[in-house]
Amino acid sequence: MAIARPIRMLSAASIILCLFLFFQIRKESPSLSTKPGKLTNGMKSDPLLEPTGEPSGRLWRVEGNNYAPDNTNSARTNAALISLVRNEELDELIPSMRDLERTWNSKFNYPWIFFNDKPFTEEFKKRTQAETKAKCQYELVPKEHWDVPEWIDMKLFEESANILEEKKIQYSHKLSYHQMCRWNSGMFYRHPALEKYRYYWRVEPKVQFFCDVDYDVFRYMEDRNLTYGFTINLFDAPASIPTLWPTTQEFLAAHPEYLSENNMLEWLTDSTRRPDHTKEANGYSTCHFWSNFEIGDMEFFRGKKYEDYFNHLDRKGGFFYERWGDAPVHSIALGLFEDSAKVHWFRDIGYRHIPYFNCPNSPKCKGCTPGKFFEGADFLAKEDCRPNYFKYVGTH
């Protein structure tokens with residue numbers, strides 16, 4: 001018996017509508033966000049457990065001698081590997097260099113630039129140069145970049161350090177640690193040795209690299225106009241930075257035009273995951289990019305917004321009266337002043353700084369466990385701020 005044409009058309013329309021709704025539901029179910037990559041429903045499992053490959057798009061690779069160390073017309077862009085390190089840390093630095101050379105720089109031969117507030121020994125120079133075919137430079141930090149500023153009251157520094165020590169804040173009395181945090185926050189990119197460079201990859205002693213990276217990460221940053229790359233995203237100790245956020249708010253009140261339209265303010269101020277932290281830090285979640293690994297564009301730090309911000313912080317004295325670190329300072333500045341799309345998670349670079357990991361599920365990696373975030377006591381798990389970052393900013 002034939003079915004009337006109007007009924008056939010109605011049935012067909014119903015099927016099409018059902019299929020449309022089905023695919024829409026499937027498409028939207030992983031996230032309610034309109035921005036690709038945001039995990040607005042929460043981090044159900046570690047993204048590093050998923051198979052991880054290279055980033056999409058054009059990648060610069062070694063072809064012939066285009067990255068040879070003696071090639072004056074090489075494919076290298078104006079970038080360098082940099083490390084603030086002491087002579088006595090040489091034995092801890094060599095394995096870090098060896099790892100990064102093995103997994104990446106032996107292919108691309110970017111120069112190493114080492115910084116120290118004391119002259120490097122001949123042993124340091126000889127042993128570090130022996131680890132790489134690339135050029136090595138050994139630079140002294142200018143006295144005016146390292147010394148305690150004249151407006152810092154050293155008696156108040158000692159009194160403040162006693163208070164920090166009572167709160168179990170590490171390195172409270174170690175003046176050189178405070179100087180290091182200040183230098184890494186607002187001085188490193190001013191060094192004359194870096195004037196001709198735009199991009200940097202910061203490397204520290206006692207870190208590990210686990211994955212072969214077969215593309216030029218600096219060219220990747222440059223081609224996509226990225227400002228900053230990170231691997232690990234943590235909560236900070238709020239007792240070390242109680243006035244950092246109020247001081248930042250004071251600066252923003254004077255410069256509201258500096259706030260990026262596509263900022264990361266929600267990540268910086270979330271109070272749901274660690275409300276105790278946000279309260280003790282006076283409104284700052286304490287989430288930050290762990291800056292012992294960072295790949296960055298120094299034009300951001302050399303720009304007026306960051307320079308004004310750093311100078312404002314510097315005059316307040318928090319690098320000495322508290323323990324403001326370069327990690328929260330860099331992170332807050334990026335989170336407020338930069339377009340969040342210009343910050344990149346290098347999920348494919350396997351990395352460890354005790355006790356935390358960034359270990360992807362990739363055949364290019366060996367020596368770490370995919371998705372393992374920490375090694376040690378269970379309480380370390382709660383220091384992971386990636387769930388917040390992925391929720392508010394995304395997994396890009």
Without hydrogens or angle criteria, can the side chains of [X] and [Y] be said to hold a donor-acceptor pair below 3.5 Å?
X	Y	value
Asp297	Tyr228	no
Asn262	Ser260	no
Asp308	Tyr258	yes
Glu101	Ser106	no
Ser160	Glu322	no
Tyr321	Glu159	no
Tyr138	Thr128	yes
Glu250	His312	yes

So that I can tick it off, tell me whether [Y] and [X] are bridged by a salt bridge, with the cut-off set at under 4.0 angstrom between side-chain N and carboxylate O.
X	Y	value
Asp70	Lys133	no
Arg202	Glu204	yes
Lys304	Glu307	no
Lys155	Glu158	no
Arg274	Glu280	no
Lys372	Glu375	yes
Glu122	Arg127	no

- Could you identify which residues cluster with Phe210, counting Ile, Leu, Val, Met, Phe, Trp and Tyr as linked when any side-chain heavy atoms lie under 4.5 Å apart, either directly or through a chain of such contacts? Phe357

- Item | Sequence neighbours excluded - disulfide bond (SG atoms under 2.5 Å apart) pairs with any residue from residues 257-339 | Cys287-Cys385

- Please lay out, stage by stage, how Thr248 and Tyr309 fare under the test side chain to side chain donor-acceptor pair (under 3.5 Å). CA-CA 8 Å; Thr248 298; Tyr309 177 57; 2.7 Å; yes

Do [X] and [Y] make a side-chain contact, defined as non-hydrogen atoms from C-beta onward lying under 4.5 Å apart?
X	Y	answer
Asp339	Glu261	no
Trp324	Thr243	yes
Asp236	Ile241	yes
Phe120	Asn87	yes
Asp117	Leu140	no
Glu338	Phe300	yes
Asp270	Tyr392	yes
Phe373	Cys359	no

- Contacts satisfying side-chain hydrogen bond (donor to acceptor under 3.5 Å, both in side chains) that involve residues 359-369 (not counting sequence neighbours) are Asp214-Lys364

Can you measure from [atom1] ([X]) to [atom2] ([Y]) and round to the nearest 0.5 angstrom?
X	Y	atom1	atom2	result
Tyr306	Ser185	OH	OG	5.0 Å
His288	Asp326	NE2	CG	9.0 Å
Arg190	Met298	CZ	CE	13.5 Å
Met180	Trp146	CE	CH2	7.0 Å
Thr121	Lys126	OG1	NZ	11.5 Å
Tyr351	Ile232	OH	CD1	6.5 Å

To check you understand the geometry: which heavy-atom pair defines the closest contact between [X] and [Y], and what is its length?
X	Y	answer
Thr231	Asn358	O-OD1, 3.2 Å
Thr278	Ser271	OG1-CA, 3.5 Å
His145	Met187	O-CG, 3.7 Å
Arg302	Arg198	NH1-CA, 4.2 Å
Ala75	Tyr110	O-OH, 4.5 Å

- Item | side chain to side chain contact (heavy atoms under 4.5 Å, CB included) between Leu380 and Tyr356, intermediate numbers included | CA-CA 9 Å; Leu380 294 171; Tyr356 302 109; 3.3 Å; yes

Ring geometry between [Y] and [X] (parallel below 30°, tilted from 30 to 60°, perpendicular above 60°):
X	Y	result
Phe251	Phe337	perpendicular
Phe319	Phe310	tilted
Phe390	Trp345	tilted
His191	Phe115	perpendicular
Tyr389	His396	tilted
Trp201	Phe293	perpendicular
Phe188	His330	tilted

- Begin from the C-alpha positions of Glu54 and Tyr215 and carry the test side chain to side chain contact (heavy atoms under 4.5 Å, CB included) through to its verdict. CA-CA 9 Å; Glu54 293 180 332; Tyr215 63 94; 4.0 Å; yes

- Message: Assess the residue pair Phe157 and His173 against the criterion (ring-ring contact (aromatic ring centres under 6.0 Å, His included)); give the C-alpha distance rounded to whole Å, side-chain angles, the decisive distance to 0.1 Å, and a yes or no.
- Response: CA-CA 8 Å; Phe157 166 74; His173 282 278; 7.1 Å; no

- Query: Is the gap between the SG atoms of Cys365 and Cys211 under 2.5 Å?
  - Reply: yes

- Item | Within 6.0 Å of CG in Asp276, more than 12 heavy atoms from elsewhere |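 Count over threshold, so yes.
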
- Message: I'd like to know whether Arg219 forms a salt bridge (Lys or Arg N to Asp or Glu O under 4.0 Å) with Asp223, so could you lay out the CA-CA distance, the side-chain angles of the two residues, the decisive distance to 0.1 Å, and finally the verdict.
- Response: CA-CA 6 Å; Arg219 285 287 191 178; Asp223 288 350; 5.1 Å; no

- Task: State whether Trp104 and Arg102 meet the cation-pi test: NZ (Lys) or CZ (Arg) under 6.0 Å from the six-membered ring centroid, and within 45° of the perpendicular axis.
- Result: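 Checked: cation-pi criterion not met.
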
- Query: Counting only N and O atoms by type, is there a donor-acceptor contact under 3.5 Å from the side chain of Asp99 to the main-chain atoms of Gln208?
  - Reply: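 It does not hold such a pair.
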
- Tell me, with the steps shown, if Val343 and Phe230 meet side chain to side chain contact (heavy atoms under 4.5 Å, CB included). CA-CA 8 Å; Val343 175; Phe230 72 96; 4.0 Å; yes

- Which is it for Lys342 and Asn225 under the side chain to side chain contact (heavy atoms under 4.5 Å, CB included) test, yes or no, and what are the steps along the way? CA-CA 7 Å; Lys342 292 186 176 185; Asn225 194 27; 3.2 Å; yes

